[in-house]
Trainee: 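The structure's right below; bear with me while I get my questions together.
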Amino acid sequence: MRVDVLGVAFDNVTMDEAADRALAMLEEDRPHLVATPNPEIVQRANQDPEFAGILAKADLVVPDGVGVIYAAKILGRPLKARVPGIDLASSLLSRIAGTGKRLFLLGAAPGVAEQAAVNLRAAYPGLVVCGVHDGYFQEGGPVAEAVRAARADLVFVCLGAPKQEKWIAANGEAAGARLYIGLGGAMDVFAGKVERAPEKFQRLGLEWLYRLAKEPSRIGRMVKLPLFLVSAAGAKIRGK
Ligand code: UDP
């Protein structure tokens, strides 16, 4: 059963359950979409019906940010766990390394996916990265062709939301892979361009605070978080 958090329905899963479900999708011969929305992305979905429709039909939707967890709690329908997209991706990589499953990396500035491939191959011995492509292209078709030619099973799509989910909805079938995960800025992290917060911050749900200290220009994006929680309280009061 899914849990509605301000218009986006989330799967109520732990990290292990999410990874199990994603792995099972690799065995089914059709394209699957996994989305990892944070509060900002939920708000975007509220303003973009096409994007909201894609999320509603996604095969797995996990709460990337602690803000979604707080909002669910305020709404009186708590979610089991925060499932950051990048951790879900890492968990999947450790489980597919050595199995022959083929990963394609799509997104970020030119050169970043190449570096991410080098780092991921080193971090997960036996991992097959079958192709890469940057995220700054005009038409989706040729990229879908490249993914198909690489015979990918799994694609990390890092174009930012909602672009990545729209690309997957439009091209997933033609690109021929079974599992597509929208992972936003994760490629920059895999490539070592952006650092993740130290584990202590992650455990306390304070990754956002660390990122804010590192990149003060993110403040404009972050003031939206309290507003998101206020919306949750409002929805609760209205009995939604
Ligand atoms: N990006 C891209 N193509 C685009 C726009 C963005 O590949 O047309 C990449 C960008 O380089 C960055 C990522 O998408 O690596 C977006 O990261 P952000 O953290 O802003 O995304 P979010 O997770 O917040 O959606």
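Whatever order the structure lists them in is the order used to number ligands and atoms, beginning at 1. Nothing here was measured: the structure is a model prediction, and the numbers come from that model. Throughout, numbering of the chain's residues begins at 1 and tracks the sequence.
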Trainee: For atom 15 (O) of ligand 1, which protein heavy atom lies nearest, and how many Å away is it?
Mentor: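 Nearest protein contact, heavy atoms only, for atom 15 (O) of ligand 1 is D188 OD2, 2.5 Å.
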Trainee: Between R196 and D188, is there a side-chain N and carboxylate O pair less than 4.0 Å apart?
Mentor: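 No, R196 and D188 are not salt-bridged.
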Trainee: Can you tell me which residue and heavy atom of the protein come closest to atom 22 (P) of ligand 1, and the distance to 0.1 Å?
Mentor: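 Ranking protein heavy atoms by distance from atom 22 (P) of ligand 1, first comes G184 CA, 4.0 Å.
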Trainee: May I have the step-by-step check of side chain to side chain donor-acceptor pair (under 3.5 Å) for Q164 and Y180, ending in yes or no?
Mentor: CA-CA 10 Å; Q164 58 201 17; Y180 299 85; over 6 Å; no
Trainee: Report, as yes or no, whether the 6.0 Å neighbourhood of atom CZ on F51 holds more than 12 heavy atoms from other residues, nucleotides or ligands.
Mentor: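 More than 12 within 6.0 Å, yes.
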Trainee: With heavy-atom distances below 4.5 Å as the criterion, would you say the side chains of R121 and V129 are in contact?
Mentor: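 Yes - at least one pair of side-chain heavy atoms lies under 4.5 Å apart.
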Trainee: For Y210 and E195, which I'm curious about, is there any donor-acceptor pair between the side chains at under 3.5 Å?
Mentor: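 There is such a pair between these side chains.
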Trainee: Nearest protein heavy atom to atom 11 (O) of ligand 1, by residue and atom, and its distance?
Mentor: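 Atom 11 (O) of ligand 1 sits closest to the protein heavy atom Y136 OH, 2.9 Å.
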Trainee: Checking a contact table here: which protein heavy atom is nearest atom 24 (O) of ligand 1, and how many Å away?
Mentor: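 The closest heavy atom on the protein side is R221 NH2, 3.1 Å.
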Trainee: Who's the nearest protein heavy-atom neighbour of atom 3 (N) of ligand 1, and how far?
Mentor: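 Checked against all protein heavy atoms, atom 3 (N) of ligand 1 sits closest to G135 O, 2.8 Å.
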Trainee: For atom 18 (P) of ligand 1, what is the closest protein heavy atom, and at what distance to 0.1 Å?
Mentor: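 Answer for atom 18 (P) of ligand 1: G185 N, 3.9 Å.
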Trainee: Name the option, out of C158, G107, A191, that contains the heavy atom nearest to atom 9 (C) of ligand 1.
Mentor: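 Result: the heavy atom closest to atom 9 (C) of ligand 1 is in C158.
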Trainee: In the protein, which heavy atom is nearest to atom 25 (O) of ligand 1, and how far is it?
Mentor: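 Ranking protein heavy atoms by distance from atom 25 (O) of ligand 1, first comes A161 N, 3.1 Å.
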Trainee: Let me check something: do L179 and F156 share a hydrophobic cluster, defined by ILVMFWY side-chain heavy atoms less than 4.5 Å apart, either directly or through other members?
Mentor: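 Cluster IDs for L179 and F156 match.
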Trainee: Tell me, which protein residue and heavy-atom name are nearest atom 8 (O) of ligand 1, and how many Å apart are they?
Mentor: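 For this ligand atom, the closest protein heavy atom is K163 NZ, 2.6 Å.
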Trainee: Going by the atom numbers of ligand 1, which of them fall below 4.0 Å from some non-hydrogen atom of G160?
Mentor: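 Counting atoms of ligand 1 from 1, those under 4.0 Å from G160 are 14 (O), 16 (C), 21 (O), 25 (O).
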Trainee: Hey, quick one: are Y124 and F190 part of the same hydrophobic cluster, counting side-chain heavy atoms closer than 4.5 Å, chains of contacts allowed?
Mentor: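 Yes, one cluster joins them.
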